A.B. asks: 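Take this structure, written in structure tokens, and hold onto it; I'll ask about it next.
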Protein chains: 2
Amino acid sequence: MTTPSSTSLETAITELSLAIGQVLRRLRAESNPDELTWSQIVALARLEKAGPMTTADLARAESVKPQSMGATLAELEREGLVERHPHPTDGRQVLFALTAEGVEARRKRGALKREWLLAAMAKFDPDERQTLMSAAALIKRLSESE
Amino acid sequence: MTTPSSTSLETAITELSLAIGQVLRRLRAESNPDELTWSQIVALARLEKAGPMTTADLARAESVKPQSMGATLAELEREGLVERHPHPTDGRQVLFALTAEGVEARRKRGALKREWLLAAMAKFDPDERQTLMSAAALIKRLSESE
DNA sequence: TATTGTTATACTCTATAACTATA
DNA sequence: TATAGTTATAGAGTATAACAATA
């Protein structure tokens with residue numbers, strides 16, 4: 001833990017985590033009153049990819065507490081972007097599913113963030129884009145670590 | 001914007017941004033009552049790297065509003081981790097600098113997050129670590145885009 | 001007993017708006 | 001006028017604690 005190589009690994013980790021934090025602040029800042037919030041986009045994207053899920057499963061998948069995910073889902077439900085269905089066999093559980101409006105909203109009301117990222121990525125050369133795409137998969141594994 | 005290649009770029013971008021968000025949530029979750037918050041770590045790291053800075057410069061560097069950075073610095077000052085110095089020529093500006101306690105705190109009170117990241121990185125092979133380190137520099141450029 | 005979800009409450013982070021002091 | 005910083009207020013995101021319903 002005190003060898004030169006782990007020290008440089010630690011420096012690199014600091015740089016990586018600072019950079020990650022900053023990109024997320026930039027993404028959050030790309031917004032207008034109609035735009036979905038980041039946590040809403042994340043929840044909708046997860047439901048679209050994985051199909052109907054319970055609050056607890058969504059919370060586990062996104063590394064937040066069930067109460068926090070519950071608040072996000074309550075707001076999405078209020079806007080008609082998700083709807084709840086009873087679980088077929090377990091009366092405690094509630095399955096949340098995207099509505100047609102939810103699919104539409106995810107495409108349209110996250111546009112500014114997507115456009116900012118696309119424009120920023122366009123400034124990289126193909127090799128650099130490839131590195132970022134490879135890194136995306138690794139960062140995903142990183143977030144699932146432990 | 002509708003060609004196959006930009007579509008796959010867009011998919012990759014979505015994956016990248018979701019992964020980035022999730023890593024940051026994991027990092028935030030690695031905490032105990034003594035641990036510094038993420039925004040405190042970021043501000044201390046910036047001051048340590050770049051030397052004394054004004055609120056406005058720090059805010060620009062981290063893509064937040066001066067008022068937001070002011071709140072972070074006020075808390076750090078209350079804990080004795082930074083101190084303010086008058087600007088030599090401009091009476092409006094205030095230069096914030098790390099104290100000895102600030103240097104110490106950055107090393108010790110962000111330990112859980114650093115340990116989690118180190119442990120997670122240890123699970124990658126050398127090629128993958130190299131990809132992540134290259135990506136760190138690119139992600140930094142991404143955050144500075146525009 | 002353990003799990004799912006809800007309600008209540010609080011803290012962090014960030015924003016906007018209005019203000020003061022200095023340039 | 002323009003800029004640096006402060007104060008006041010609000011909203012998003014998340015957490016913990018206490019509870020009810022179901023398994």
Side-chain angles (χ1 to χ4, degrees), chain A residues 20-44 52-79 82 84-96 109-110 113, chain B residues 21-44 52-79 82 84-96 109-110 112-113:
Chain A
I20 281 175
Q22 196 151 7
V23 167
L24 208 63
R25 279 198 297 277
R26 287 301 305 263
L27 278 175
R28 275 185 209 282
E30 288 297 321
S31 190
N32 69 36
D34 261 0
E35 203 88 345
L36 295 168
T37 68
W38 185 253
S39 65
Q40 290 171 341
I41 290 172
V42 168
L44 292 178
M53 293 174 75
T54 66
T55 306
D57 284 342
L58 265 170
R60 264 190 293 273
E62 298 302 338
S63 306
V64 296
K65 300 295 169 190
Q67 298 95 319
S68 306
M69 185 54 71
T72 299
L73 288 171
E75 175 58 22
L76 288 173
E77 187 185 24
R78 207 186 59 73
E79 293 191 39
V82 302
R84 52 179 77 209
H85 301 284
H87 191 282
T89 62
D90 187 335
R92 296 168 304 177
Q93 298 187 40
V94 180
L95 288 166
F96 283 89
R109 293 172 57 199
K113 293 171 174 56
Chain B
Q22 195 151 8
V23 166
L24 208 63
R25 280 197 297 277
R26 287 301 304 264
L27 278 175
R28 273 186 210 282
E30 289 296 323
S31 189
N32 70 36
D34 260 359
E35 202 88 347
L36 295 168
T37 68
W38 185 253
S39 65
Q40 290 171 342
I41 290 172
V42 168
L44 292 178
M53 294 175 75
T54 65
T55 307
D57 284 342
L58 266 170
R60 264 190 293 274
E62 299 302 338
S63 305
V64 297
K65 299 295 169 191
Q67 298 96 317
S68 305
M69 186 53 73
T72 299
L73 288 171
E75 175 60 21
L76 289 173
E77 187 185 23
R78 208 186 58 72
E79 294 191 38
V82 302
R84 54 180 74 210
H85 302 284
H87 190 281
T89 62
D90 188 335
R92 296 169 303 178
Q93 297 187 40
V94 180
L95 288 166
F96 283 88
R109 294 172 56 201
L112 279 183
K113 292 171 175 54

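Bear in mind that the values here come from a model prediction, so they are computed numbers and not experimental data. Residue numbering restarts at 1 for every chain, and letters A, B, ... go by the order of the sequence lines. What's counted below: heavy atoms across the whole structure, side chains too, no hydrogens, waters or symmetry copies.
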A.B. asks: Roughly, in whole Å, what's the span from CG in A:Leu95 to C1' in C:dG5?
C.D. replies: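 Result: 13 Å.
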A.B. asks: Does some side-chain heavy atom of A:Val64 sit less than 4.5 Å from a side-chain heavy atom of A:Leu58?
C.D. replies: no
A.B. asks: Specify the closest pair of heavy atoms between B:Ala61 and A:Gln22, including all atoms of both residues, with the distance to one decimal.
C.D. replies: O-NE2, 2.6 Å
A.B. asks: Is B:Arg25 near enough to C:dT12 that one of its side-chain N or O atoms lies under 4.0 angstrom from OP1 or OP2?
C.D. replies: no
A.B. asks: Holding to salt bridge (charged side-chain N to carboxylate O under 4.0 Å, His left out), I want the full list of residues that pass it with B:Glu62, two or more places apart in sequence or in another chain.
C.D. replies: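 Per chain and number, B:Glu62 pairs via salt bridge (charged side-chain N to carboxylate O under 4.0 Å, His left out) with A:Arg25, B:Arg46.
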A.B. asks: At 4.0 Å (heavy atoms only), tell me whether A:Thr89 reaches a base, stays on the sugar-phosphate, or touches nothing.
C.D. replies: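 If one applies the 4.0 Å heavy-atom cut-off, A:Thr89 turns out to touch the sugar-phosphate alone, with no base involved.
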A.B. asks: Report the residue from A:Leu73, A:Leu95, A:Val94 that forms a side chain to side chain contact (heavy atoms under 4.5 Å, CB included) with A:Thr55.
C.D. replies: A:Leu73
A.B. asks: Give the minimum heavy-atom separation between B:Arg60 and B:Asp57, together with the two atoms involved.
C.D. replies: NH2-OD1, 2.8 Å
A.B. asks: So, for A:Ala43 and A:Leu76, which heavy atoms are closest and what is the spacing to 0.1 Å?
C.D. replies: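 Closest pair (atom of A:Ala43, atom of A:Leu76, distance): CB-CD1, 4.0 Å.
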A.B. asks: Between atom CD1 in B:Ile41 and atom C1' in C:dC13, what is the gap in whole Å?
C.D. replies: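 It works out to 14 Å between those atoms.
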A.B. asks: Using heavy atoms and a sub-4.0 Å distance, could you list which residues of residues 53-61 of chain A are near DNA chain C? By number, please.
C.D. replies: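 The stretch gives A:Thr54, A:Thr55, A:Ala56 as the residues lying under 4.0 Å from the strand, ordered by number.
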A.B. asks: Is B:Thr37 close enough to C:dC13 that one of its side-chain N or O atoms is under 4.0 Å from OP1 or OP2 there?
C.D. replies: yes
A.B. asks: Let me have DNA chain C in dot-bracket notation, would you? Count Watson-Crick plus G-U wobble pairs, both distances under 3.5 Å, and use [ ] for pairs crossing earlier ones and | for inter-strand partners.
C.D. replies: |||||||||||||||||||||||
A.B. asks: Just the rounded figure in Å: distance from P of C:dT6 to CD of A:Gln93.
C.D. replies: 12 Å
A.B. asks: For the pair made of CE in B:Met69 and C1' in C:dT14, what is the distance, rounded to whole Å?
C.D. replies: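 In whole Å, C:dT14 C1' and B:Met69 CE are 11 Å from each other.
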A.B. asks: For the pair made of CD in B:Gln40 and P in C:dT12, what is the distance, rounded to whole Å?
C.D. replies: 8 Å
A.B. asks: Looking at B:Glu35 and B:Leu112, would you say the former's side chain and the latter's main chain have a donor-acceptor pair under 3.5 Å?
C.D. replies: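 Between the backbone of B:Leu112 and the side chain of B:Glu35 there is a qualifying donor-acceptor contact (under 3.5 Å).
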A.B. asks: Could you report the tightest heavy-atom contact between B:Gln40 and B:Glu75, atom names first, then the distance?
C.D. replies: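 Reported closest heavy-atom pair: NE2-CG, 3.3 Å.
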A.B. asks: Atom CD of B:Glu75 to atom P of C:dC13: distance rounded to whole Å?
C.D. replies: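 Whole-Å distance recorded here is 9 Å.
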A.B. asks: What does the list of N/O pairs under 3.5 Å between the protein and nucleotides 16-22 of chain C look like, with a distance for each?
C.D. replies:
from   : atom 1 : to      : atom 2 : distance (Å)
C:dA17 : N6     : B:Gln67 : NE2    : 2.9

A.B. asks: Anything under 4.0 Å to a heavy atom of chain B counts; send over the first and last such nucleotide of DNA chain D, read 5' to 3'.
C.D. replies: D:dA2 to D:dT14
A.B. asks: Salt bridge (charged side-chain N to carboxylate O under 4.0 Å, His left out) with B:Arg109: which residues, sequence neighbours excluded?
C.D. replies: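 Per chain and number, B:Arg109 pairs via salt bridge (charged side-chain N to carboxylate O under 4.0 Å, His left out) with B:Glu79.
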A.B. asks: Looking only at heavy atoms, what is the nearest atom pair of A:Leu36 and A:Lys113, with distance?
C.D. replies: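 Heavy-atom minimum between the residues: O-NZ, 3.5 Å.
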A.B. asks: Which whole-number value in Å describes the distance from B:Leu76 CG to C:dT12 C1'?
C.D. replies: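 Atom CG in B:Leu76 sits about 13 Å away from atom C1' in C:dT12.
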